[in-house]
There are 2 protein chains.
Amino acid sequence: MSLPELDDFDRHLLTRMQADAHCKAETLAAEIGLSASAVQRRLKRLRERGVIQAEVAVLDPAVMGRGLTLIAGLTIGRDNYAALPRLRAWLAAEPAVQQAWYVTGEADLVALVLAPDMPAYDALCARLMAEVPQLSRITTQVVIEPLKRSLALPIA
Amino acid sequence: MSLPELDDFDRHLLTRMQADAHCKAETLAAEIGLSASAVQRRLKRLRERGVIQAEVAVLDPAVMGRGLTLIAGLTIGRDNYAALPRLRAWLAAEPAVQQAWYVTGEADLVALVLAPDMPAYDALCARLMAEVPQLSRITTQVVIEPLKRSLALPIA
DNA sequence: GCTGAAAGTGTGTTAAC
DNA sequence: GTTAACACACTTTCAGC
């Protein structure tokens, strides 16, 4: 994949689109000093090039009954490292796992889990431990309060 | 805030909108078996009620020069707990911090950081330690590979 | 209440410049 | 990149369920 060059207009557009992808091209155009047509053409190009990977709706977790957030560190025993693909697949398939990272550090994998409440999280862990027995440890950090929730990237 | 009741149509819409908020109402209508008008009306209501909090563009981190992801556990000494608001404000204001959670567990706060490379992350940590001296420890997990990246919630 | 269809409005798209 | 003509999507209205 070639790295597309972005000018200041693109950067302004991307900054704005990361905050609100629903707004009209005319609004964006007025803000960055461009015509609406130019804005749409640029947006189309950014989408086609894959700079804009998707536009998604962000929902209120409380309304959806997922008021509890947990950060789980997953550790596989040294002897069971072959089970890693299996664990990754499990995380990928589980809807309650919103995000997951394969890391180096204290744990092997870190997962961001959204649950209705603690019993539900307990049940999830039990299921995980049962279905991936090679998993040796789950260390959980309970989120008291989410401070920042976004997928936005800093724009240089 | 009253919890809005959602029917099956709403749930289908939300599921679809979490994956792609750019698609046309007519497309959604055909998929869930409703007229385009009804879909638009429902979407408007879901936005007004705050069920849909935002629609945002998701960018490619590689293209934006943020290929490195890190998970930082931040610990404040027992004596310096009054510095917590200051630390929270710092994280909120720092663009490289994409997500942050106030947690109970090994650390006091967990931050998801996006950096161009390790030197940049080092510089960020140095700046943080300098500007919030009450911070006693930063434990970093380096992300080898992101497995899942989304803000989508499971729809019951 | 909510839906579906048609009319009306505004936006996204395309072509010429 | 801008402007203008065009096509299409969204909005509103209204009748009906």
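Naming: A, B, ... by sequence-line order, numbering from 1 per chain.
In this structure, A:Arg88 forms a cation-pi arrangement with A:Tyr102, its terminal cationic atom sitting closer than 6.0 Å to the ring centre and no more than 45° off the ring axis.
Between the P atom of D:dA9 and the NZ atom of A:Lys24 lies a distance of 18 Å, rounded to the nearest Å. C:dG10 atom C1' lies 13 Å from atom NE2 of A:His22, rounded to whole Å. Atom P of nucleotide C:dT13 and atom CG of A:Leu43 are separated by 9 Å, given to the nearest angstrom. The CD-C1' distance, from B:Gln40 to C:dG8, rounds to 14 Å in whole Å. When rounded to the nearest whole Å, the span between CD of B:Glu26 and P of C:dT11 equals 20 Å. Between B:Arg45 atom CZ and D:dT11 atom C1' the separation is 16 Å, expressed in whole Å. If you measure from atom CG of B:Asp7 to atom P of C:dG1, you get 15 Å, rounded to the nearest angstrom. Distance A:Phe9 CZ to D:dT2 P: 7 Å, rounded to the nearest Å.
With C:dG4, C:dC2, C:dT11 as the choices, the nucleotide that has an atom nearest any side-chain atom of B:Ser35 turns out to be C:dG4. You'll find that the side chain of B:Ala38 is closest to C:dG4, out of D:dC10, C:dG4, C:dC2. In the set C:dT3, D:dC10, D:dG1, the nucleotide with an atom closest to the side chain of A:Leu34 is D:dG1.
Contact annotation: side chain of A:Ser37 to base of C:dT14, donor-acceptor pair present below 3.5 Å. Judged by distance alone with a 3.5 Å cut-off, no donor-acceptor contact links the side chain of A:Arg41 to the base of C:dT14.
Judged purely by distance below 3.5 Å, without hydrogens or angles, the side chains of B:Glu131 and B:Trp90 pair a donor atom with an acceptor atom.
Between the CG atom of B:Leu109 and the CG atom of B:Leu91 there is a distance of 6.0 Å, given to the nearest 0.5 Å.
At D:dC10, none of the side-chain N or O atoms of B:Lys44 fall inside 4.0 Å of OP1 or OP2 (strictly under the cut-off). For C:dC2, the OP1/OP2 oxygens have no side-chain nitrogen or oxygen of B:Arg42 closer than 4.0 Å.
Residues A:Ala111 and A:Val97 share a closest heavy-atom pair of CB-CG1, 4.1 Å. Across B:Ala29 and B:Ala36, no two heavy atoms sit closer than the pair CB-N, 3.6 Å.
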